Amino acid sequence: MSSFWLFLIIVSLAVIGFFVGTSRAMSVASGDKRKLHSLPSYYGSNIAIFTIVPSFLLLVIWMLAQPLIVSSSVRSHIPADTIDPGSTIGLVMSDVQRLANGLDVAVSQGFMTEEDARSVQAGSSDIRARLGQAGVVLGSSVRPEVLQAAQEYRTMTSTGDMLRAIFVIGIALAGFAYAFRKTSVTFRARNTVEKTIYTLLLGAASIAILTTVGIVLSLIFTTGEFFSIQACLSEVDNYEQTHLAALRAADMNLQNCPLGNVALLDQMTSVTGETFSVTTGDYLSAFADFFFGTTWSPSFGGGSELGILPLLWGTFYISVIALLVAVPIGLFAAIYLSEYASSPVRAFAKPMLEVLAGIPTIVYGLFALLTVGPLLVSAFGDDGALGLNWMQGGTAVMTAGLVMGIMLIPFVSSLSDDIINAVPQAMRDGSLGLGATHSETIRQVVLPAALPGIVGAILLAASRAIGETMIVVLGAGAAARLSMNPFDAMTTVTAKIVSQLTGDADFSSPEALVAFALGMTLFVITLGLNVFALYIVRKYREQYE
Amino acid sequence: MNDMRRLERDVDTSDIKISAKGVQVYYGDNHAIKDVDVSIADKTVTAFIGPSGCGKSTFLRCINRMNDTIDVARVEGDIRIDGEDIYDKAVDPVQLRAKVGMVFQKPNPFPKSIYDNVAYGPKIHGLAQNKAGLDEIVEKSLRRAALWDEAKDRLNEPGTGLSGGQQQRLCIARAVATEPEILLMDEPCSALDPIATAQVEELIDELRQSYSVVIVTHSMQQAARVSQKTAFFHLGNLVEYGQTGDIFTNPQDPRTESYITGRIG
C-alpha cells in the first residue's frame, strides 16, 4: 500500500474519530453537555489526535528507516569479489536500485507479471531488452548478482511496505480505541487537546531554530573544509620549496593536496626524508591569505589567489552609496508621511511607496543594466555630456549603488515612519505648547526621540544592502578590484558566491569551497549588524513603556 | 477657617487678562463647547472643574490655540488676551503659545538633559544673549519651579530620569522659562502622588504672583485649595463662575451643587 493511501486512511480515521468522539461524549453525558468536563468537540478532537499523531510519527520514522535497513541488508548480500576494481559498492547499489525501480515500472505497465519480475533469471531472458520495452533504460547488460540483489531489494521493500501499512493502521486504531475508552464525564479532554496544540507550536518554533542551526553548521563545516584545503596547499608550497631538488630528481610535481592519498604521501616521505604534515602556521597563513589578501583571481586550474578584501571593499562601497541614496530620501519621506501628510494623502502615498518593496530585485537589476547604467555613461562616460571620461561602461559601483538605494527607500521610510509615529503625542504637544513651530518640534524633539529607532532601521537597511545580489550581478560588473572611483566596475561578496558556484564547479576544489567561506563571512557581518540594530531598537522601546 | 481663606482671596483681581465671548468648539460633528463666556483675571488662579468630558480641557486648549493642531477641531467665537483677538488672522499661533505657557496632565519632559529641557523655549525664541544668559534663565526657572536644589547637581542628566513629581516641576520650569503671561495647567497633578501634588500646589500659589494661572482639575479639594476663582463646566456649558469660596459654599445652580456634593459627575 502506498504511503499516500495510508495517509488518506489515517486522516479519514481521524475524521471519523472526531464525530464518533463527539457523539460518544454526548451519550456518556446522557445528552446534557453541562455534565461534561469539556465541550463535546474536545472529546472528538482528542480521539482524532490519538488516532493521527502516533500513527503519523510511526509512518514518518518508518519511511526514513526502511530504505536504510533494506539497502544495508541487500548490500551485505552482494559478494565483495563481484565488484569491479574501478567500481565501488555504492555504484553497484545504485545499479541495484535502478534495476529494482525498472522492474517496478515494467510490472506496473503490464510488460511483466509480478511472478516474472520475481523469478526472472539474468541468463534465461534478455532483461535489458524487456525493460527497454517499458521505457526503462539501463546502462549495461544486467549481471546475475545485480539482478538477484534487485529482486531481493524488491521483495524486502514490498514486505516492508506491507508491514508498514499493518503497523501504522494498527497504531491508529489502537489510539482510536484508547481515546474512545477514555471518553468519560470526568476526562479532561480540553487539557489534552491544548497540550497537543502547545506541542505543535513548540515544534514549529523549534523547526525554525533548528533550521538556522543546521544552515550555520553546514556553512561552518564547508568553510572549515575550505580552510583546511588552503592550509594544505600552503604547506605544499613550503614543502616544494624546501625539497625542490629532491622532488625534481624524482620527477614529482605536487599540485593538489596530497592528504588522503597514502601512496603519494609515502612516496614523498621516501623521496625527501620529511613527512608531509599541515601545521598551525599553515592555517594562519591560509586565514591571512583569505582575510587580508588584496587579489581575487580564482582559476580552477590551480594557483588562484582568493583574497576577500576587494570583494568586501566592493560590498562596502556599493552599500554606502545605496545608503547615501536611501537614508535621506527614505527619512524625509517618512517625516512627510508621519508629520505633514493629511490622512487621505497618507492612505494613498504609503502603499505606493511600499509597492517599491514588492518589486523583485532582479527587476531592479534590469533597471540598473538597461536604464541607469546607460544614463550614467551618457553623463560621465567617454564623450559624455559632462566630458569627464570617468566611466568605462554601464556597469559600475554607482549604477548598482543608486538602484540599490531606490530599492531600500521603502525599507527605511516604512520603519522610520512607524518609529516616528511611536513618539508620544505628549512630546509634540509639550514642544508646540512652548511656542515651537512644527518643524522645530520635529527637528529638536521628535527626531532626537526617534533617533535610536531610526538608526536601527538604517542598520537593518545596511544589512540588506550588504546581502543584495541580483542588482550587483547585473549592475556592478564582475571585476574584483580595489579602486576609489565610484564609476569603476566592482563586485561584491554575494555576486562572487554566485559566480563561484554556477557553471561546472568541482565542489571539492578550493575555488568552489571559497564560496562557503565568503558566505560565512557575510553571515557573520550581517548577523552582527542585525544584532546591533535590534539592540538599539529594543533599548529605544524601553524609553516609553 | 473659611473666612480666613476669603480674606486671602480678596486680592487685586480687577484686571481682566483673558476674556471669552460666545465660544463654540466643534470636534467634527460633536459640539464640545457651547457658547461659553468667561473673563479671567490677571495674577489669579482660576480653576476649571467639572465631570470628565465636560469640555474644560478643550476650553483650556482654546486659550493657546492648541486645538489648531487637531485637524477636526473648529473654534468659533471671540477670545481676547489683553484685548487682542487671538483668533485674528494677524496672530501667529506659535507666538501666542510662547506668551501662553502650558503644563500637561502627564509630565512630558523631552528626552534631553534637564538643562536642555528648560533651555528649549528660550533657545527657540532667542531669549538669551549668550551661554551665561541662558544659564541664568535656566537657574531662575528651576528655582521658580522649586526644583533647583534637587536638580542643580544633575543638570546634564536626562529629564526622563527624574521622579514623576520632579518631572512635572521640570515641565513647569520649562513653561516659565519662556516668560509667559498666562500659564495653563491641564490636570497637572493627576499623575502625581500626594506629596508631589502638595509641592506643585504650593508652586502654583507662588506663580500667582507673576502670572494668570488657569488650572483644570478633577479634584474639588485642589480647586478649593489653590484657586481664587472657579468655573464649573457641565456637558460643554459653563454652568457657574465665581469666587471659589462662593462656588463651594453657596452654589447658585443646582447642577453645581449636585456636582460638588458628589451627586453627579
Side-chain angles (χ1 to χ4, degrees), chain A residues 331 335-350 416-457 535-545, chain B residues 57 60-61 63-72 92-113 116-127 141 158-161 167-168 170-180 183-186 191:
Chain A
L331 196 56
I335 290 172
Y336 171 74
L337 283 179
S338 59
E339 294 286 333
Y340 290 102
S342 62
S343 49
V345 172
R346 196 178 143 86
F348 170 76
K350 206 173 176 200
S416 309
D417 182 53
D418 293 345
I419 289 156
I420 291 173
N421 275 329
V423 174
Q425 184 60 32
M427 285 301 164
R428 297 185 182 87
D429 283 349
S431 170
L432 292 173
L434 287 170
T437 63
H438 198 159
S439 114
E440 283 167 340
T441 304
I442 293 167
R443 266 183 290 131
Q444 305 199 21
V445 175
V446 177
L447 285 187
L451 192 65
I454 292 173
V455 171
Y535 165 77
I536 285 180
V537 170
R538 199 161 298 164
K539 202 174 156 191
Y540 157 77
R541 272 202 198 120
E542 285 167 359
Q543 268 188 3
Y544 298 121
E545 282 162 20
Chain B
S57 291
L60 192 76
R61 291 167 68 96
I63 300 174
N64 68 346
R65 291 186 63 174
M66 277 300 276
N67 282 334
D68 290 18
T69 61
I70 300 168
D71 288 338
V72 293
D92 179 5
V94 171
Q95 287 306 314
L96 173 76
R97 287 182 206 134
K99 209 162 80 171
V100 186
M102 188 161 192
V103 176
F104 296 83
Q105 184 171 357
K106 243 179 93 183
N108 57 348
F110 303 136
K112 298 167 180 286
S113 70
D116 286 337
N117 261 286
V118 181
Y120 183 80
K123 269 187 193 163
I124 281 180
H125 301 295
L127 298 183
S141 310
T160 42
Q167 285 189 13
Q168 193 61 302
L170 178 63
C171 292
I172 293 172
R174 192 173 69 182
V176 300
T178 50
E179 294 179 12
L183 201 55
L184 307 176
M185 300 182 136
D186 190 355

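Order of the sequence lines sets the chain letters (A, B, ...), proteins ahead of strands, with each chain counted from 1. The figures that follow rest on heavy atoms only: side chains count, while hydrogens, waters and symmetry mates do not. No experiment lies behind these values; they were computed from the predicted model shown.
To the nearest 0.5 Å, atoms CG (B:N64) and CG (A:L432) are separated by 9.5 Å. One distance of note links NE2 of B:H125 with CD of A:E440; it measures 7.5 Å at 0.5 Å rounding. Rounding to the nearest 0.5 Å gives a distance of 9.5 Å between CZ of B:F104 and CD of A:Q425.
Note on A:A426, A:S342, A:S343: by heavy-atom pairs under 4.5 Å with chain B, the leading option is A:A426. Interface remark: of the candidates B:R174, B:Q95, B:Q105, B:R65, B:R174 forms the most heavy-atom pairs closer than 4.5 Å to chain A.
Of the two parts of B:F110, the backbone and the side chain both hold a non-hydrogen atom closer than 4.5 Å to a non-hydrogen atom of chain A. Heavy atoms closer than 4.5 Å to chain A are found nowhere in B:K99, neither backbone nor side chain. Looking at B:R61, only its side chain comes within 4.5 Å of chain A, counting heavy atoms on both sides. For A:S431, the parts lying near chain B are the backbone and the side chain together; criterion is any non-hydrogen pair under 4.5 Å. Only the backbone of B:P109 comes within less than 4.5 Å of a heavy atom of chain A; no side-chain atom from C-beta onward does. Neither the backbone nor the side chain of B:V103 comes within contact range of chain A, judged by heavy atoms closer than 4.5 Å.
Residues forming a ring pair (Phe, Tyr, Trp, His ring centres under 6.0 Å) with A:Y336 (at least two apart in sequence, or on another chain): none.
Looking at every heavy atom in both residues, A:Q444 comes nearest to B:K112 through O-NZ, 2.7 Å. Of all the heavy atoms in B:P111 and A:M427, the pair that sits closest is CD-SD, 3.7 Å.
Within a 6.0 Å radius of NZ in A:K350, more than 12 heavy atoms belonging to other residues, nucleotides or ligands are found. Open room surrounds CZ on A:F348; 12 or fewer heavy atoms of other groups in view lie less than 6.0 Å from it.
Taking the side chain as every heavy atom from C-beta outward, B:I124 and A:L434 never approach each other to under 4.5 Å.
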